[in-house]
Each structure stands twice: as structure tokens, then as C-alpha cells.
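These notes are about the structure you will find just below.
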Amino acid sequence: TIWMLFTEFTTPLIDLRWWLDKADMKASSLYFYNGMAIFLGWVFARLCIFPPFFYTLWQHRAEFEIVTPVGKVLMCVIPVLLVTLNVIWFAKIVKGVLKLLFPGRSRSPSPRSPAKAQPSSKSE
């Protein structure tokens, strides 16, 4: 449990990001460095922590016989859900970091997007 609480290291950074956004400080260097800190904090506190956790869980799998069904769910299913959510959120964080690092880039239109209709120059 304490191991998983380490993932909350990023929560104050995310909270600060929200306040900076509401204070209209997106152009500030604090906003930039906070974004980089969220990215790095997420990598180490939210992603790198799970492989050792699952390894430790695997090492102690013989002890699962004495664990209640609810305990097994808490130890196995919940961490998998947390990893899934953290990976989804991390994808969004990477997208934000790319916006911060390359602010002038805009997404090119999708090749499958419909062409805009051009007004006809012929009059009928």
C-alpha cells in the first residue's frame, strides 16, 4: 500500500498546473518547468514503480493461498487498472509535452479528412 502511495508524488504538480492554467500563466516559465516535472515525475513515480511491484507480487505468489478473495482482487486487479489508467494519462502528458517543446507545430490534416467544397466559379 505504501508502495502505491508513492505514485501520488505527482499530485501536487498536477494541482499546480491547474492553478497556473486558471491564472492564465501558460506562457510562464513556471508552467513550462512544471510540465517537464510532471512528465519526469510520471515516468518515475507512476510508470517505473509498477514492474518492481508486480515482480514482488510474483515472488510472493505462493502466499496467495492465505489471502481472501477480496485481498486477491485488491492485490492483482486494482494495480492492473491503475497501470492502464497511468499509461492512458501518460499518453496525454506526452502530447502536452510535445506542445510545450514544439509550440509552432500544428497537426497536418488527416489524409482521410474530406476535402472542403470550393465554391463554383460558374454561374448557372
Using 0.5 Å steps for rounding, measure from the [atom1] atom of [X] to the [atom2] atom of [Y].
| X | Y | atom1 | atom2 | result |
| --- | --- | --- | --- | --- |
| W19 | L30 | CH2 | CG | 14.5 Å |
| M25 | Y31 | CE | OH | 11.0 Å |
| L5 | T11 | CG | OG1 | 10.0 Å |
| D21 | L16 | CG | CG | 11.0 Å |
| L57 | C76 | CG | SG | 5.0 Å |
| L47 | N86 | CG | CG | 6.0 Å |

Please say whether more than 12 non-hydrogen atoms of neighbouring residues, nucleotides or ligands are located less than 6.0 Å from [atom1] in [X].
| X | atom1 | answer |
| --- | --- | --- |
| F44 | CZ | no |
| K99 | NZ | no |
| D24 | CG | no |

Can you hop from [X] to [Y] via hydrophobic side chains spaced under 4.5 Å?
| X | Y | value |
| --- | --- | --- |
| V70 | V80 | yes |
| F102 | M36 | yes |
| Y55 | I49 | no |

For a quick test of reading the model, state the closest non-hydrogen atom pair linking [X] to [Y] and the distance between them.
| X | Y | result |
| --- | --- | --- |
| G35 | L100 | CA-CD1, 4.2 Å |
| G41 | T10 | C-CG2, 3.5 Å |
| P79 | F50 | O-CE2, 3.8 Å |

Taking atom types as modelled, is there a side-chain donor on T56 or Q59 under 3.5 Å from an acceptor on the other?
-> no
With side chains defined as the heavy atoms from C-beta onward, is the minimum distance between Y33 and S29 less than 4.5 Å?
->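 The answer is yes; the side chains approach within 4.5 Å.
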Any side-chain heavy-atom pair from M75 and F64 closer than 4.5 angstrom?
->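 Result yes, sub-4.5 Å side-chain heavy-atom pair found.
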Only one of I14, L13, T7 passes side chain to side chain contact (heavy atoms under 4.5 Å, CB included) with W42; say which it is.
->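 Among the candidates, only I14 passes.
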Identify whether NZ of Lys or CZ of Arg in R46 sits under 6.0 Å from the centre of the six-membered ring of F90 and within 45° of that ring's axis.
-> no
Parallel, tilted or perpendicular, as decided by the 30° and 60° cut-offs, for the rings of F9 and F6 =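 Correct class here is parallel.
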Under 3.5 Å, side chain of R17 to main-chain N/O of N34, donor-acceptor pair present?
->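 Checked: no pair found.
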